[in-house]
Amino acid sequence: MLHMISRSSFCSKYHPLHQADGYEPKHLYNNYSTSFRDVFFKNLISFYRLTRPYTWTGTVIAITSVSFLPIQNLADLTPTFFMGILKALVPAVLMNIYVVTLNQLYDVEIDKVNKPDLPLASGDFSRGTGIAIALISSLTLPFLRWKGHPFLAPFSMMILMGLVYQLLFFIHIQKYMLARPVVITKPLVFATAFMCVLSFANGLLKDVPDVDGDRKFDIQTLSVIVGRERVFWFCVYMMLTAYGAAILVGASSSFPLSKLVTVICHSILAFILWLRAKTVDLSSNASTLSFYMFIWKLATVSIHCRQRD
């Protein structure tokens, strides 16, 4: 190797969070030496980008947050409790990686138009490598291509993030880790309904930046069928309605602190959402993609504002 790469040089060259979608452009590290170390880190970063980290970080935060809803006192915070969270997180993150890899395997040609810097679309990973990562050699069936059906993808996100992450993981902690009978609480109902709406809207928004590639390959998403502007504002109003409902639910709380936090936080988030939506240039894929990534961050913050009583 002709030179040694310092820690600061490595961080500046390999840091993956530079693009609008949260990933470093491929060309920034194309000219690095091909030593084992460089190849290893280049593949590691490509794998990181393949996993779409904004999705699994949301998964980790959502599951961890809902796992604390059944807690009644500090005595519940035992090693068994934290092991229960870990047992929930590991398969959930692996499932997330499987889903996003499967999506990219099906959409390689489309992503060359919509997201050319993704590892499979850019050629950083071969299709065979993607299949190996996802372990889907026996599951590549036509009915799994949900992107071609306008509402299947949003419904799948709603079921996963709204129902599975909230309801089933709550039951996992309450019944199997804390050994208590299952009790469906008001905060759980609130969290489930709220996240169902946000995740469904997010599922529709996902296709707004991809209209050009989807139209080119005749993928009939709702954004292609009715137009990205209608879908965009439908999703914004849907999310604003969810925040409005959260404010009303928070105002009905009998606990002053919970009422204050829920009402103020969701009011601020709704206001930020509205201001951010007004700045989006719907003719720009970069602008709509940036807004989509912003919604993931907003949803993550919303998880921490959920009602606790």
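At a threshold of 4.0 Å, the pair K216-D210 does not count as salt-bridged, since none of the basic side-chain nitrogens sits closer than that to a carboxylate oxygen.
Between the side chain of N202 and the main chain of L198, no donor-acceptor pair closer than 3.5 Å is present. Under a 3.5 Å cut-off, the side chain of Q104 and the backbone N or O of L118 do not form any donor-acceptor pair.
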- Residues V208, L205; criterion side chain to side chain contact (heavy atoms under 4.5 Å, CB included); working and verdict: CA-CA 5 Å; V208 171; L205 277 173; 4.2 Å; yes
- Go through the steps for W233 and Y237 under the test side-chain hydrogen bond (donor to acceptor under 3.5 Å, both in side chains), then give the verdict. CA-CA 6 Å; W233 285 110; Y237 291 133; over 6 Å; no
- Item | Intermediate values then yes/no, side-chain hydrogen bond (donor to acceptor under 3.5 Å, both in side chains), S267 and Y243 | CA-CA 7 Å; S267 297; Y243 281 115; over 6 Å; no
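Using a 3.5 Å distance cut-off with no hydrogens or angles, the side chains of R228 and T221 do not pair a donor with an acceptor.
The shortest side-chain heavy-atom distance between L275 and I272 does not fall under the 4.5 Å cut-off.
In this structure, F169 and H172 have perpendicular ring planes: the angle between them is above 60°, well past the 30° mark. Using bins of under 30°, 30° to 60° and over 60° for the plane-to-plane angle, the ring pair F232/F291 lands in the tilted bin.
By the neighbour-count criterion of 12 heavy atoms within 6.0 Å, atom CG of L74 is sparsely surrounded, having that number or fewer from other residues, nucleotides or ligands.
Residues V189 and V182 share a single hydrophobic cluster, defined by chaining ILVMFWY side chains whose heavy atoms lie under 4.5 Å apart.
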